[in-house]
Amino acid sequence: MSVFQVDRAGMHYDLRGQKIIALAPSSLSAQQEEFIVVRGKSGAGKTTLLSILGGMLRPTEGRVHLGSVELTALGPAARAKLRQTSIGFVFQSMHLLPYLDLLDNTRLAGGSEARARELLEQLGLGARIHHRPAELSAGERQRGAVARALVHGPALVLADEPTGNLDPESAALVLEAFQSFRTNGGCLMMATHSQEPIPGSRTVYLGPKGLHSADER
Amino acid sequence: MSILRLVTKELLLRRWSALLAVSALGATVAAALFFFLLARSNEGETRILQRDMGLNVLILPPGTSLDAYWSQGLAPGSMPVEFLLELEDQGVANRLVPMIKRRHNWQGREVLLTGISGEIFKQGKAMKPVFGRVVEPGSLVLGDEIARLLSLEEGASVELLGRTFGISRVLAPVGDEQDVQVFLDLEDAQSLLDLEGRITEIEALECHCSEEVADPLAALRAELDPLVPGAVIVRREALADARRDQRQLAGRFLQSGFPVIAGLCALLVGALCMLNVRERRAEIGVLRALGKSSGQVAALFLGRAAFLGLFGGAIGVLLGGFLASDLGRVLFETRAGAVNLELDLVLVALFVTPAFAAVASLIPVALAVVQDPVRVLGETS
């Protein structure tokens with residue numbers, strides 16, 4: 001069974017009488033141990049696609065399944081519960097809570113303290129676990145956000161430009177953590193501007209007509 | 001991670017912001033409480049000042065001609081002292097003071113002999129006597145002018161109608177009839193004047209103060225006449241009306257002013273709480289994105305608001321109570337320390353402030369948690 005299946009999901013809204021298409025109808029599915037990279041221009045709908053997949057936004061058309069559950073048929077509370085158990089999310093703006101240290105921020109998503117410490121060590125943040133976000137660099141905050149997305153052992157991790165603002169060394173640590181998650185049975189979808197190839201990943205492009213594979217470019 | 005831990009961590013990091021919020025909440029609670037306590041004390045103070053202006057109802061023996069009363073300053077006839085018992089438990093004339101008044105030529109001077117006893121209150125009601133014209137048996141209290149004319153001083157012994165009395169007190173000049181009055185105990189007066197079991201008038205305090213009565217004199221007569229048939233009821237209109245109007249004014253000031261002040265304070269508290277939640281909408285979005293339930297998110301924000309409200313309320317109670325009490329001592333000299341902060345008022349403030357702060361926070365929290373997390377994050381990023 002696929003980890004997720006997007007079936008002609010699209011998103012549009014009205015802005016002062018004008019129809020704005022945030023995501024053209026798109027279809028996609030992914031299996032376990034799959035790493036999908038979504039590339040596309042700014043405004044193509046990458047964040048919208050990830051938000052729909054994460055159950056944080058309900059599409060205006062189409063359907064989305066997470067495993068056997070139709071995500072688009074669930075209410076906000078049920079989607080929140082599903083996110084807590086099955087989905088990890090790395091935001092473009094990180095969104096760590098400013099009053100919690102890195103360890104507590106990581107544990108906010110659930111999981112054990114030991115697992116949180118292990119992930120933070122793996123991401124090179126072992127010495128920074130009791131530092132608050134304001135005391136960390138942008139790269140360290142982003143790696144902390146990655147640890148938070150992985151700590152509760154989700155089936156699917158969605159990452160929105162997680163390496164966009166990172167130095168090459170930090171970006172490599174993040175990608176290493178993602179690869180480790182994938183090889184341990186996880187499914188990962190990452191939106192990025194970067195054209196750098198990512199080993200073991202499948203790239204899809206998002207444009208005005210929706211998603212298409214690399215071969216269709 | 002528990003909600004309490006999150007609330008504590010947030011408060012510790014943003015301690016100055018929390019302190020400011022507590023101060024603002026405290027100041028608003030203090031302002032409301034300060035106004036309420038002072039307005040209430042002002043009402044009480046007004047009541048006492050107005051009461052001290054004097055008794056405003058006269059009950060005279062049946063058949064008394066008012067032209068005779070006003071020209072002589074006393075009622076020629078008398079009535080049985082039992083009238084007092086009849087009047088003791090009605091609701092329109094309080095603080096009954098029974099008297100005997102008779103003119104008498106004493107040592108070549110015309111004086112007004114006034115036998116008097118202490119105030120008689122409603123049955124079973126403990127009240128503090130305020131008129132203070134109680135005279136001990138065997139003693140006299142003299143008005144200033146008559147004492148001066150007869151060269152009599154406190155402590156001296158003097159004969160009156162064949163009986164020796166001690167002068168217990170000489171009153172300060174007041175500029176009215178009292179300056180030529182000679183006060184003595186009611187029973188002494190009854191004995192000296194051969195009026196055992198009789199009195200010549202009863203003074204009382206009208207008690208229509210807090211309600212609007214179209215014809216107060218008719219209302220008094222309607223209430224008292226069945227109890228003391230034929231008695232002549234006189235209402236000192238100017239005195240009674242001034243007392244009633246002033247009391248009503250003080251009451252209106254409290255009744256209309258306090259809701260306005262309390263409403264404005266509530267508005268400020270509400271705005272503060274709503275502002276705090278709006279500033280932290282991104283956190284709501286993150287917590288919702290991480291799968292926290294609406295209840296958990298609401299508990300985090302409402303818990304914080306209630307926590308700050310409790311501290312703000314406590315500070316407000318202390319500050320408002322202290323300021324009102326301190327200023328009250330200056331304002332209300334005749335009732336020093338009359339500004340009392342009762343336990344029930346403290347409990348109301350300590351309960352209402354956190355509850356209100358939580359309710360005020362509930363609105364923006366509820367609006368944020370029902371939205372898709374991405375929308376909340378999008379609005380705040």
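Proteins get letters first, then strands, A, B, ... in listed order; numbering begins at 1 in each. All figures in this text were calculated on a predicted structure; none of them were measured in a lab.
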Neighbour count >12 (heavy atoms, 6.0 Å) for atom CZ, B:Phe36: yes
Residue among B:Glu283, B:Arg14, B:Glu10 with most heavy-atom pairs under 4.5 Å to chain A: B:Glu10
Heavy-atom pair of closest approach, residues A:Arg83 and B:Arg288: NH2-O, 2.7 Å
Atom pair CZ (B:Arg5) and CG (A:Leu100), whose distance is rounded to the nearest 0.5 Å: 8.0 Å
Shortest non-hydrogen contact from B:Gly291 toward A:Gln84: O-OE1, 3.4 Å
For the student: nearest non-hydrogen atoms of B:Lys292 and A:Leu108, plus distance: NZ-O, 2.8 Å
Which of A:Arg132, A:Lys81, A:Arg107, A:His152 touches chain B most, by non-hydrogen pairs under 4.5 Å: A:Arg132
Check against side-chain contact (heavy atoms from CB on, under 4.5 Å), A:Arg148 and B:Leu290: CA-CA 9 Å; A:Arg148 186 178 64 186; B:Leu290 293 174; 3.9 Å; yes
Crowding at CD, A:Gln18 (>12 non-hydrogen neighbours, <6.0 Å): no
Residues 54-77 of chain A: residues contacting chain B (heavy atom under 4.5 Å, by number): A:Met56, A:Leu57, A:Arg58, A:Pro76
Between B:Ser293, B:Ser294, B:Ala289, B:Gly295, the one whose heavy-atom pairs under 4.5 Å with chain A are most numerous: B:Ala289
Heavy-atom pairs under 4.5 Å with chain B, option from A:Gly88, A:Pro98, A:Ala149 with the top count: A:Pro98
Other residues, nucleotides, ligands: >12 heavy atoms within 6.0 Å of A:Gln32 CD: no
Residues A:Asp104, B:Leu6; criterion side-chain contact (heavy atoms from CB on, under 4.5 Å); working and verdict: CA-CA 9 Å; A:Asp104 283 342; B:Leu6 283 175; over 6 Å; no
